[in-house]
Amino acid sequence: MKKNDSNIKKAVKYLNNDECIAIPTETVYGLAANAYSKKAVSRIYSLKKRPRNNPLIVHYYNLKDLKKDCEIDNTFSKLYKKFCPGPISFVLKLKKLSRISKIITNNSNSIAVRFPKHRLTRKLLKRINFPLAAPSANISNSISPVSKQDVLDEFGNKLKFILDGGPSRVGLESTIINLIGKPKILRLGGIESKTIYKIINSLKKRYKKKIKVKVPGTSKLHYSPGIPMRLNAKKNFHNEAFILIKKRKEISKNYFYLSNTNNLKEAAKNLYKTLRIIKKSGYKKIAIETIPNISIGEAINDRILRASKKWKI
Ligand code: TXA
Ligand code: MG
């Protein structure tokens, strides 16, 4: 407990000095800096080697803070009440007088925001007087980190500080929903799309038709473990790592279970960790069993599909 407090103090100090640090969230670890400071935010882009035109998600402690920067409406309020703090991000209109650094939004008047649930990061957000811009704490196009060690693997000693909050509980990034105009899910993630549909479609007044899921094919390299990945595999070939979700009778050193009980939440939590272990073990190819496309399985399939695509071009 005491250790956490002194670590939060350290984190506050770095952030107040426009430094960039890693923070734990329930989805994945983030590379965080003061969202009001151009200097601090620039550091995120250069450390992560992120293209300047790719906007960042800004993390807030509460609604009061958010309202300084963003316009909100009824739909947002409903979703906020139901899911926040939690693994969901919203694209909202930026207020004209907002202090958010223009680099974050690539000069646009919309912004993605979220309220992370992780206990340490909430404590941290409470103690600073600015929101935190934070993309996933990995080099662009690599796998998002879900532990302190993963962040170290990505950045080594280039990062001044990592706030250690243990393994990320969800293990996949937040669901992103665009609330400007007709709501649209832009990225599948920690909160099931079905649960979100239910709430939005219950607000019948403005949105008669079902909301759309629009999964952006932004970058095919996204979430890539950097080695070929074969989907819907029934068995693995010689020397191929085999990612499984259903327990098999036979035993093999090449088998990597995402869950021992066919549990999708557990599988999501273990996906990125497993990909890192496989890569570190020196495998050159991965096969992966069919993952049921229900609940968070949708988000798992989205990530593995993207990870596999690079190799089909
Ligand atoms: O769970 C998460 O969302 C994690 C943790 C750290 O909060 N963050 C995260 O950030 O995944 P990042 O930058 O790795 O992915 C954010 C995605 C990017 O694909 C970016 O293009 C998109 O969100 N994005 C950011 N701002 C946007 C905006 N204003 N409109 C549409 N898409 C946006
Ligand atoms: Mg990312």
Side-chain angles (χ1 to χ4, degrees), residues 20-33 35 41 44-45 47-61 69-71 83-94 98 100-118 120-122 124-125 131-147 150-151 154 162-163 165 168-181 183-191 214-224 268-269 271-272 296 299 302-303 306-307:
C20 183
I21 64 167
I23 57 164
T25 88
E26 74 280 19
T27 57
V28 299
Y29 274 66
L31 191 61
V41 173
I44 297 181
Y45 280 89
L47 260 169
K48 204 176 144 72
K49 302 198 175 92
R50 177 150 172 140
R52 287 276 175 161
N53 61 3
N54 194 356
L56 305 178
I57 299 179
V58 175
H59 299 60
Y60 286 88
Y61 178 65
D69 298 318
C70 300
E71 311 271 2
F83 299 119
C84 296
I88 182 166
S89 300
F90 308 93
V91 176
L92 302 174
K93 267 193 202 144
L94 203 56
S98 151
I100 292 289
S101 163
K102 294 209 176 338
I103 312 177
I104 289 178
T105 58
N106 193 25
N107 263 320
S108 134
N109 52 7
S110 68
I111 182 174
V113 299
R114 119 171 174 79
F115 304 84
K117 191 168 189 171
H118 195 287
L120 282 189
T121 290
R122 281 195 53 78
L124 174 63
L125 283 166
L132 290 176
S136 51
N138 51 279
I139 307 286
S140 264
N141 295 329
S142 153
I143 305 168
S144 297
V146 291
S147 68
D150 293 353
V151 180
E154 290 288 323
I162 303 171
L163 183 60
S168 297
R169 184 176 52 80
V170 177
L172 289 181
E173 299 82 351
S174 61
T175 303
I176 304 180
I177 180 159
N178 185 351
L179 293 181
I180 300 177
K184 226 180 239 171
I185 292 179
L186 302 178
R187 178 176 73 182
L188 296 165
I191 299 222
K214 185 186 165 224
V215 182
T218 39
S219 161
K220 283 188 177 150
L221 290 166
H222 233 95
Y223 313 106
S224 168
K269 182 179 177 185
L271 178 68
Y272 290 156
I296 201 164
D302 168 60
R303 301 304 191 273
R306 289 189 211 209

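All ligand and atom numbering here is 1-based and tracks the order in the structure. One is the number of the first residue; the rest follow in order along the sequence. Here the structure is a predicted model, which means the values were calculated and not measured.
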Exercise. Would you say the side-chain atoms of Ser136 and Glu173 include a donor-acceptor pair closer than 3.5 Å?
Worked result: no

Exercise. Tell me, do Lys184 and Ile177 make a side-chain contact under 4.5 Å, heavy atoms counted?
Worked result: no

Problem set entry | Validation row: Val28, Asn138 side chains within 4.5 angstrom (heavy atoms) | no

Exercise. Which of the atoms of ligand 1 are close to Ser174, meaning less than 4.0 Å from one of its heavy atoms?
Worked result: 1 (O), 2 (C), 3 (O)

Exercise. Hey, is the Mg ion (ligand 2) within less than 2.8 Å of some N/O/S atom on Ser136?
Worked result: yes

Problem set entry | Nitrogen or oxygen of Glu173 less than 3.5 angstrom from that of ligand 1 | no

Problem set entry | Distance-only polar pair, side chains of Ser89 and Ser174, donor-acceptor under 3.5 Å | yes

Exercise. Between Thr25 and ligand 1, does any nitrogen or oxygen pair lie at a separation below 3.5 Å?
Worked result: no

Exercise. Under the 3.5 angstrom rule, does the side chain of Arg52 hit a backbone N or O of Asn106 as a donor-acceptor pair?
Worked result: no

Exercise. N/O to N/O below 3.5 Å, does that happen between Lys48 and ligand 1?
Worked result: no

Problem set entry | Residue-ligand contact Ala134/ligand 1, heavy atom below 4.0 Å | yes

For this session: Heavy-atom contacts with Ala112 under 4.0 Å: which atoms of ligand 1 show up? List them by number with element.
Result: 25 (C), 26 (N), 27 (C), 29 (N)

For this session: Could you walk me through whether Thr121 and Thr25 pass side-chain hydrogen bond (donor to acceptor under 3.5 Å, both in side chains), step by step?
Result: CA-CA 7 Å; Thr121 290; Thr25 88; over 6 Å; no

Seminar exercise, completed: Arg50 heavy atoms within 4.0 Å reach ligand 1 at atoms 12 (P), 13 (O), 14 (O), 18 (C), 20 (C)

Exercise. Which ligand 1 atoms are under 4.0 Å away from a heavy-atom of Ile176?
Worked result: 17 (C), 23 (O)

For this session: Give the numbers and elements of all ligand 1 atoms closer than 4.0 Å to a heavy atom of Arg187.
Result: 2 (C), 3 (O), 9 (C), 11 (O), 15 (O), 16 (C), 17 (C)

Problem set entry | Under the ring pair (Phe, Tyr, Trp, His ring centres under 6.0 Å) test, residues paired with Tyr60 that sit two or more places apart | none

Seminar exercise, completed: Among Ala137, Pro55, Ser110, the residue with a heavy atom nearest to atom 26 (N) of ligand 1 is Pro55

Problem set entry | Contact check, Leu186 vs ligand 1, heavy-atom distance below 4.0 Å | yes

Exercise. Should Ile103 and Tyr45 be marked as a side chain to side chain contact (heavy atoms under 4.5 Å, CB included) after you check the CA-CA gap, both sets of side-chain angles, and the distance that decides it?
Worked result: CA-CA 9 Å; Ile103 312 177; Tyr45 280 89; 3.8 Å; yes

Exercise. Do any nitrogen or oxygen atoms of Tyr29 lie less than 3.5 angstrom from nitrogen or oxygen atoms of ligand 1?
Worked result: no

For this session: Please check if the side chain of Glu26 supplies one atom and the backbone of Val170 the other of a donor-acceptor pair under 3.5 Å.
Result: no

